[in-house]
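Here is the structure we will look at.
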Amino acid sequence: MTNNDENQISLSLKFQRKKMSIELIIRDQIVEAIDKCYHQQIDSTLVQLQNTRKEFEGDITLVVFPFVRMSKKSPEMTAAEIGDFLQQNVSEVEKYNVVKGFLNLVISSDYWVSVLNSASSNSNYGITQPTETSKLVMVEYSSPNTNKPLHLGHIRNNLLGFSLSEILKANGNKVVKTNIVNDRGIHICKSMYAWKMWGNGQTPESTGIKGDHLVGNFYVRFDQEYKKEIATLIEQGETKENAEQNAPSMLGAREMLLKWEAKDPEIIELWSTMNGWVYAGFDVTYKELGVDFDKIYYESETYLYGKDEVLRGLAEGIFYQKEDSSVWADLTAEGLDQKILLRSDGTSVYMTQDIGTARERFQDYPINQMIYVVGNEQNYHFQVLSILLDKLGFEFGKGLHHFSYGMVELPQGKMKSREGTVVDADDLMAEMIEVSRKTSEELGKLEGYSPEQAAQTYRMIALGALKYFMLKVDPKKNMLFNPEESIDFNGNTGPFIQYTYARIRSVLRKAADRKIELNRTIKITSEIAPKELQLIKIISQFPVAVKEAGENYSPALAANYIYELVKEFNQFYHEFPMLIEENVEVRNLRLVIAESVGKTIKTGMKLLGIDVPERM
RNA sequence: GUCUCGGUAGCUCAGCUGGAUAGAGCAACGGCCUUCUAAGCCGUAGGUCCUGGGUUCGAAUCCCAGCCGGGAUACCA
């Protein structure tokens with residue numbers, strides 16, 4: 001090794017140390033300290049660091065109880081010894097104090113100022129850009145049926161899928177957002193049948209009804225007529241089961257499905273017409289929600305590939321056939337049951353389609369990871385899918401991830417499209433925009449805005465409220481939506497965060513008006529207030545928050561972080577004047593903090609798919 | 001029946017890879033707009049962290065059992 005090489009290495013080590021967060025440095029040094037003081041080699045996972053609680057002095061706290069065994073001294077003594085070591089060996093550690101078994105470390109202001117400087121000068125603070133060699137992640141979300149409009153449950157799905165994609169991108173992944181449209185099957189034929197029987201040739205144009213809603217109306221109509229027919233048949237002495245199987249509308253829908261599979265021109269024509277109406281409707285809803293896709297798959301195309309794969313599996317002895325010629329997978333070895341893959345009449349089931357879609361996707365893209373954003377009612381389905389793909393020899397089978405999220409429930413229970421007990425996506429968004437508009441007009445803060453600008457702001461706030469409401473709760477938990485109590489615009493809400501952003505922008509505009517130039521390479525000579533330090537600390541944790549949101553697939557973690565930051569800023573805003581502050585150095589510090597908070601809010605909210613307004 | 005997820009303030013939720021006195025918002029009550037946006041800030045009140053055991057110096061957090069609720073469970077998607 002040449003001298004030059006050694007220099008290179010030590011340079012890069014130095015650079016790394018500088019870039020390392022203070023927690024990592026301290027963690028390393030604690031391992032050193034244990035070695036030096038107590039001659040024990042410990043794993044760094046034993047080092048429990050946490051943020052110092054507000055009521056104590058300090059920034060970072062070490063829990064020393066795990067080391068008492070090694071030191072054979074009291075917790076207080078042990079803490080003091082480690083504290084001494086850190087103070088001597090880590091320049092950022094200014095002083096320390098010990099409370100019972102807790103070692104509170106005070107980090108120097110210089111360190112926090114350097115953090116602020118790097119955050120404020122970095123235009124992509126907290127974000128890791130993908131590179132050529134980054135992992136390619138495909139995220140499937142939305143996945144609607146084309147027989148009814150989107151409802152609140154779909155909204156949760158879409159927002160989670162979109163936000164998850166943004167979070168993965170921010171963690172340096174390449175992301176392909178995809179949608180599998182469930183555009184075929186008996187449920188689609190039900191609305192087609194109802195339209196043909198009772199539609200009188202209605203179209204979205206003739207009725208003025210949005211296409212997906214029009215088709216959805218016929219899906220509901222089908223169910224109503226079907227139930228009437230069953231009742232009549234039972235009155236005539238049929239058994240319930242027979243009645244359900246032989247009701248005229250069910251027979252009609254089944255016949256349509258058979259004709260569809262046989263590519264009957266008239267049925268195909270009706271199918272594509274009605275699906276066209278639905279797609280036009282979905283496009284409007286997606287656009288309003290602000291979600292999009294890079295690639296759309298259609299079940300009507302992929303289910304045949306799935307069938308091929310199942311038949312191949314049968315030929316290769318992976319699956320087996322019963323006497324009625326239905327095809328099955330035996331998963332008892334995996335602790336599961338038998339699973340049907342092709343019905344006795346040879347038609348395919350839900351699972352078949354997902355096998356075909358998976359194959360297509362991995363042929364189309366060099367996917368490193370596949371994530372399915374689908375409700376937790378399908379946990380079993382994805383467990384099975386993973387095993388089946390693996391059995392079929394697709395090495396990606398084992399690695400697929402089911403992003404399983406909870407249901408949105410109403411006070412009276414689960415939403416059911418057929419029974420009309422749903423909160424419609426379009427209606428809900430429209431209502432919220434209306435609330436937003438009224439509030440905004442009452443407050444009169446958008447004077448001087450053109451009607452278009454104002455309308456855009458109402459939308460931004462309404463969608464901010466809706467999205468934040470859905471995303472702030474842990475994805476895997478069921479959540480309750482009470483239509484009686486409309487979604488809040490005060491407190492821990494999207495508008496509260498947006499408002500804080502608008503406040504910051506307003507201050508910065510006024511600073512610019514007053515010809516105040518921001519100096520983003522701060523050098524501090526006087527003392528920094530605890531509140532100011534606290535804000536810098538929270539800003540410094542943004543990259544960690546982004547990382548954790550990515551690792552845990554949790555938009556909620558991002559939302560919680562932003563809320564914490566914003567709450568802290570509003571307290572600061574209330575107590576600390578910025579523009580009026582006479583000390584130029586202090587004024588500059590505060591303005592740079594405000595600007596960095598604003599930037600962090602904007603970046604953070606973007607991870608949730610939420611825009612922030614300049615004024616509100 | 002089996003598997004699985006959940007149960008924290010009146011309501012909606014954080015906290016859960018064990019750590020200091022369990023936190024927010026809403027609702028209730030009381031303050032703060034002549035000063036950078038009151039969609040804000042400050043305060044009061046509100047708790048059997050479902051129950052019972054166990055592990056531990058330490059349990060809302062981990063383990064076991066039970067109770068309650070959601071979901072899945074061989075030809076709906």
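Letters A, B, ... mirror the listed sequences (proteins, then strands); counts begin at 1. As the structure is a prediction and not an experimental result, all values here were calculated from the model.
Atom P of nucleotide B:rU12 and atom CZ of A:F481 are separated by 14 Å, given to the nearest angstrom. One interatomic measurement links the two molecules: CD of A:Q383 to P of B:rC5, which rounds to 11 Å at whole-angstrom precision. Rounded to whole angstrom, the span from the CG atom of A:N478 across to the P atom of B:rG6 amounts to 10 Å. In this entry the distance linking CD1 of A:I186 with P of B:rC75 reads 16 Å, nearest Å. Taking atom OH on A:Y405 and atom C1' on B:rG70, their separation rounds to 15 Å, with Å as the unit. Spacing between atom CG of A:L331 and atom C1' of B:rC3 amounts to 14 Å, rounded to whole angstrom units.
A:Q378 comes within 4.0 angstrom of a base, heavy atoms only. At a threshold of 4.0 angstrom between heavy atoms, the contacts of A:E447 with the nucleic acid are absent. Among the heavy atoms of the strands, none lies under 4.0 Å from A:T500. Note on A:F489: a base of the nucleic acid sits closer than 4.0 angstrom, heavy atoms only. Contacts of A:M616 with the nucleic acid, taken as non-hydrogen atoms under 4.0 Å apart, include base atoms. Nucleic acid contact for A:L342: none, since no nucleic acid atom lies under 4.0 Å from a heavy atom of the residue.
The same atom, C1', is picked in B:rC41 and in B:rU8; the two are 27 Å apart, to the nearest Å. For B:rG10 and B:rG71, the P atoms lie 26 Å apart once the distance is rounded to whole Å. Comparing B:rU35 with B:rC29, their C1' atoms sit 29 Å apart, to the nearest whole Å. When the C1' atom is used for both B:rG43 and B:rG6, the distance is 35 Å, rounded to whole Å. Remark: the separation of the C1' atoms in B:rA59 and B:rU17 is 14 Å, to the nearest Å. Look at the P atom in both B:rC50 and B:rU12: the space between them is 15 Å, to the nearest Å. Comparing the C1' positions of B:rG70 and B:rU61 gives a spacing of 22 Å, expressed to the nearest Å. Comparing the same atom, P, in B:rG15 and in B:rC62 gives a spacing of 12 Å after rounding to whole Å.
Remark: the backbone N or O of A:S142 is paired with a side-chain donor or acceptor of A:N157 at under 3.5 angstrom. Here the side chain of A:S143 pairs no donor or acceptor atom with the backbone of A:V181 at under 3.5 angstrom. Of the possible donor and acceptor atoms, one in the side chain of A:R27 sits under 3.5 Å from a partner among the backbone N and O of A:V47.
For residues 400-419 of chain A, the set of pairs meeting the ring-ring contact (aromatic ring centres under 6.0 Å, His included) definition, not counting sequence neighbours, comprises A:F382-A:H402, A:H401-A:Y553. Note on residues 567-597 of chain A: pairs passing ring-ring contact (aromatic ring centres under 6.0 Å, His included), not counting sequence neighbours, are A:F569-A:F572, A:F572-A:F576. Every pair passing salt bridge (Lys or Arg N to Asp or Glu O under 4.0 Å) that includes a residue from residues 585-598 of chain A is listed here, sequence neighbours excluded: A:R520-A:E595, A:E532-A:R590, A:E581-A:R590.
Annotation: proximity of residues 572-581 of chain A to RNA chain B (heavy atom, distance under 4.0 Å) is found for A:Y573, A:H574, A:F576, A:P577, A:M578, A:L579, A:I580, numbered in ascending order.
Nearest nucleotide to the side chain of A:I340, out of B:rU37, B:rC75, B:rC41: B:rC75. When each of B:rC75, B:rA72, B:rC41 is scored by its nearest atom to the side-chain atoms of A:Q571, the top-ranked nucleotide is B:rC41. Comparing atom distances between the A:L480 side chain and each of B:rU37, B:rC13, B:rC75 picks out B:rC13 as nearest. Nearest nucleotide to the A:R503 side chain, out of B:rG71, B:rG40, B:rU4: B:rG40. Closest to the side chain of A:S506, out of B:rG6, B:rA38, B:rC36, is B:rC36.
B:rC76 makes up no base pair with any nucleotide shown, lacking Watson-Crick or G-U wobble contacts both under 3.5 Å.
Residues that satisfy the side chain to side chain contact (heavy atoms under 4.5 Å, CB included) test with A:S486, not counting sequence neighbours, are absent from this structure.
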- prompt: Quick one: what's the B/S/- string for nucleotides 14-24 of chain B, heavy-atom cutoff under 4.0 Å, read 5' to 3'?
  reply: S-B--BB--SS
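Ring planes of A:W260 and A:Y303: tilted class, angle from 30 to 60°.
Its glycosidic angle being more than 90° from 0, B:rC42 falls on the anti side.
Where A:V349 and A:F496 meet RNA chain B, the nucleotide closest to each residue was compared, and A:F496 sits on the side nearer the 5' end.
Here the CZ-CG distance, from A:R156 to A:L471, works out to 8.5 Å after rounding to the nearest 0.5 Å.
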